[in-house]
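What follows is one structure encoded as structure tokens, with my remarks underneath.
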Amino acid sequence: MPLAETAALVAAAAAERRAVAAFNIITLEHAEAVVAGAEAAGAPVILQISENAVKYRYGRVRPLARAAAEAAAVADVPVALHLDHVTSDPLLRAAAGAGFSSVMYDASHLPYEENLSATRAAAAWAHRNGLWVEAELGEVGGKNGAPPLDAHAPGARTEPEEARAFVEESGVDALAVAIGSAHAMTTRTASLDHGLLARLAGTLDVPLVLHGSSGVPDAELAAAVSGGIAKVNIGTALNLAMTGAIRTYLAANADAVDSRAYLSAGRLAMVDTVTALIGVLRAEDPVPAVD
Ligand code: G3H
Ligand code: ZN
């Protein structure tokens, strides 16, 4: 099936009061596992490549993007390609024509006015080039090895009226909101501010995105979807699954040499993680929102 578009997948999920899962990929095994896991769940999915993943790939976005696009093209379910956490304008410009239908432009580390002005310019360029745009207001902590933000730190929570103005003035299509999750958590212990999510959902008329979802327990994820989150970004959970399975395999097979043996174990573990998480986001009877 041809590459799907992020805009359509997010809109369809929002209309059903569900969320589409967006998984961060680093290797071809990640992409294959996400596609296989989504096929097993019978659900659409988004493959996303972060600026950090591009840095890991020697600064080149196209090799992984083209591999992911090919993996998407042979999938039995709709799969879209998204460029994630872009802070560099040259990378933003590389998104056009590389198979991406959307981009997350991340200027959330900047003061409000600078975030707005940079995001407005990025969104205008992206729209002229046919890309759906997500931005972030309030900062979801834990990026690039930083510790999670204290709940009371400035910017640790997205303020609804400020967010309304930001969306209107920047022209973005979706907003990543800071409601208590943090990037790169290796335990699922985050607790979300569902009251704030309800106020954001009632104030904003664009889809809301949850980042740092690996650290959010299933019940909290389901409640966030009930509360209006339409796109759920997941990265670390895949790496936990992959690395754990490879570690186990190599511990049991100390003489292993063929990388396919342990990469297969890692990929299989990621497939299971993807299928399970998509199941949480698409549950027919999601957990009611809690305050
Ligand atoms: O944009 C990517 C996500 O926010 C991934 O966060 O690695 O903590 O799941 P995570
Ligand atoms: Zn993120």
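FYI, side chains are in, hydrogens and waters are out, and symmetry mates aren't considered; it's all heavy atoms of this structure. One-based numbering, in listed order, for ligands and for the atoms of each. Numbers here simply count residues along the sequence, with the first being 1. These figures come from a predicted structure and were not determined experimentally.
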Practice prompt. Give the name of the N/O/S atom in His211 that lies closest to the Zn ion (ligand 2).
Written response: ND1
Response to the item:
atom 4 (O) of ligand 1: of Gly235, Ser181, Gly212, the nearest heavy atom sits on Gly212
Worksheet item: Do Leu81 and Ile46 have side-chain heavy atoms sitting under 4.5 Å apart?
Response: no
Practice prompt. Decide, yes or no, whether a salt bridge links Arg164 with Asp205 under the criterion of side-chain N to carboxylate O below 4.0 Å.
Written response: no
Discussion item. Tell me whether Lys231 is salt-bridged to Glu134, with the criterion being a basic N under 4.0 Å from an acidic carboxylate O.
Written reply: yes
Practice prompt. Give the single entry among Asp106, Thr236, Val140 that approaches atom 10 (P) of ligand 1 most closely by any heavy atom.
Written response: Thr236
Worksheet item: Salt bridge check: are Arg157 and Glu139 linked by an N-O gap of less than 4.0 Å?
Response: no
Worksheet item: atom 3 (C) of ligand 1: which protein heavy atom is closest, and how many Å away?
Response: Asn233 CB, 3.4 Å
Worksheet item: Would you say the side chain of Thr6 lies within less than 4.5 Å of the side chain of Phe100, judging by non-hydrogen atoms?
Response: no
Discussion item. Between Arg199 and Pro160 (side chain of the first, backbone of the second, donor and acceptor by atom type, cut-off under 3.5 Å), is there such a pair?
Written reply: no
Worksheet item: Can you tell me the protein heavy atom closest to atom 1 (O) of ligand 1 and the distance?
Response: Asp84 OD2, 2.5 Å
Worksheet item: ligand 1 and Ala237, any nitrogen or oxygen pair closer than 3.5 angstrom?
Response: no
Item to complete: Please check if atom CZ in Arg93 has more than 12 non-hydrogen atoms from other residues, nucleotides or ligands closer than 6.0 Å.
Response: yes
Worksheet item: Among protein heavy atoms, which lies nearest atom 9 (O) of ligand 1, and at what distance?
Response: Ser214 OG, 2.5 Å
Item to complete: May I ask you to list the atoms of ligand 1 that are less than 4.0 angstrom from any heavy atom of Ser213?
Response: 9 (O)
Practice prompt. For ligand 1, note which part of Met104 has a heavy atom under 4.0 Å away: side chain, backbone, both or neither.
Written response: neither
Worksheet item: Considering all heavy atoms of both residues, which atom of Arg188 and which atom of Pro217 are nearest to each other, and what is their separation?
Response: O-CG, 3.3 Å
Worksheet entry | Polar atom proximity, Ala184 to ligand 1 (N or O, under 3.5 Å) | yes
Item to complete: Check ligand 1 against Asn24 and write out every atom of the ligand that is under 4.0 Å from a heavy-atom position of the residue.
Response: 1 (O), 2 (C), 3 (C), 5 (C)
